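Only this structure's heavy atoms are used, side chains among them; waters, hydrogens and symmetry mates stay out. Source: prediction; values computed, not measured. Ligands are counted one by one from 1 in listed order, and the atoms in each one are counted from 1 as well.
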Amino acid sequence: MRTPLVAGNWKMNGSRESVKELINGVVEGAKSLNGVEVAVCPSTIHIADVVAVTAGSNVAVGSQDACTELKGAFTGETSIDMIKDMGCQYAIIGHSERRTLYGESDEIVAEKFSVVKKSGVTPIFCIGETLEERESGITEEVCARQIDAVFTAEGDNAFEGSVIAYEPVWAIGTGKTASPEQAQSVHAFIRQHIAKRNADVAEKVQILYGGSMNPANAKELIGQTDIDGGLIGGASLKADDFMAVCQAGQ
Ligand code: PEP
């Protein structure tokens with residue numbers, strides 16, 4: 001049995017004060033959760049404050065990205081060793097905003113996946129199709145291509161100990177959610193695709209859904225056979241909403 005994971009992606013939001021209030025609310029709410037893992041991914045600048053509050057709690061912390069390089073002259077970047085050193089257990093890699101706004105190719109994302117995995121931090125590897133790709137009927141092809149870039153870099157056991165987030169780009173921040181059937185169908189495809197390389201890893205890997213998941217739709221989505229939790233953007237910025245999604249994962 002896979003334990004569901006609900007992870008909040010706070011993106012570039014919050015002040016020191018609002019982030020402290022939010023993480024205190026999450027830590028408090030998480031105390032009564034059972035059978036669901038919880039993580040939050042603040043902006044890099046807020047990681048230290050968040051880790052200080054989550055210490056000793058059942059809330060893990062992750063970064064929203066990591067550099068392909070480990071150290072040196074890369075102005076503005078943050079290495080996975082630094083992220084790990086700050087107390088993070090997860091790193092989101094290949095979010096569609098990184099892919100589209102910052103030009104991260106499948107190969108760059110795969111390189112990032114490799115450095116994160118090697119560090120011992122768990123990658124939350126994001127994949128998903130645009131609206132145009134869905135309407136052209138190539139959703140599975142796109143997901144397979146994004147996954148295969150990681151297999152090429154890391155081999156058949158690539159996804160052992162990692163997390164995958166299926167996030168249809170057209171559903172991120174738009175209020176449009178994939179229906180539970182649409183999401184389940186892609187999640188099942190992803191698991192089968194991984195099973196072609198390693199059936200054991202495919203059975204164990206947590207595959208999260210992301211894209212306008214909220215307290216109203218979380219239970220039905222997470223209730224699908226191959227949906228093992230959620231990566232939550234907008235609804236993770238309010239502790240009550242985020243906790244409601246976490247409760248749906250129990
Ligand atoms: C995301 O950006 O990972 C995400 C799922 O955002 P939202 O929940 O706001 O659609």
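Protein neighbours of ligand 1 below 4.0 Å, counting non-hydrogen atoms: Asn9, Lys11, His95, Glu167, Ala171, Ile172, Gly173, Gly210, Gly211, Ser212, Leu231, Ile232, Gly233, Gly234.
Under the side-chain contact (heavy atoms from CB on, under 4.5 Å) criterion, Glu203 pairs with Arg2, not counting sequence neighbours.
Side-chain atoms of Ser18 and Ser15 include a donor-acceptor pair closer than 3.5 Å.
Under a 3.5 Å cut-off, the side chain of Asn214 and the backbone N or O of Asn217 do form a donor-acceptor pair.
The side chain to side chain contact (heavy atoms under 4.5 Å, CB included) with Tyr90 is formed by just one residue from the set Val61, Ile83, Val40, Thr122; it is Thr122.
A salt bridge links Lys11 to Glu97: at least one charged side-chain nitrogen sits closer than 4.0 Å to a carboxylate oxygen. Residues Lys196 and Asp148 are not paired through a salt bridge, judged by the lack of any N-O separation under 4.0 Å between the basic side chain and the carboxylate.
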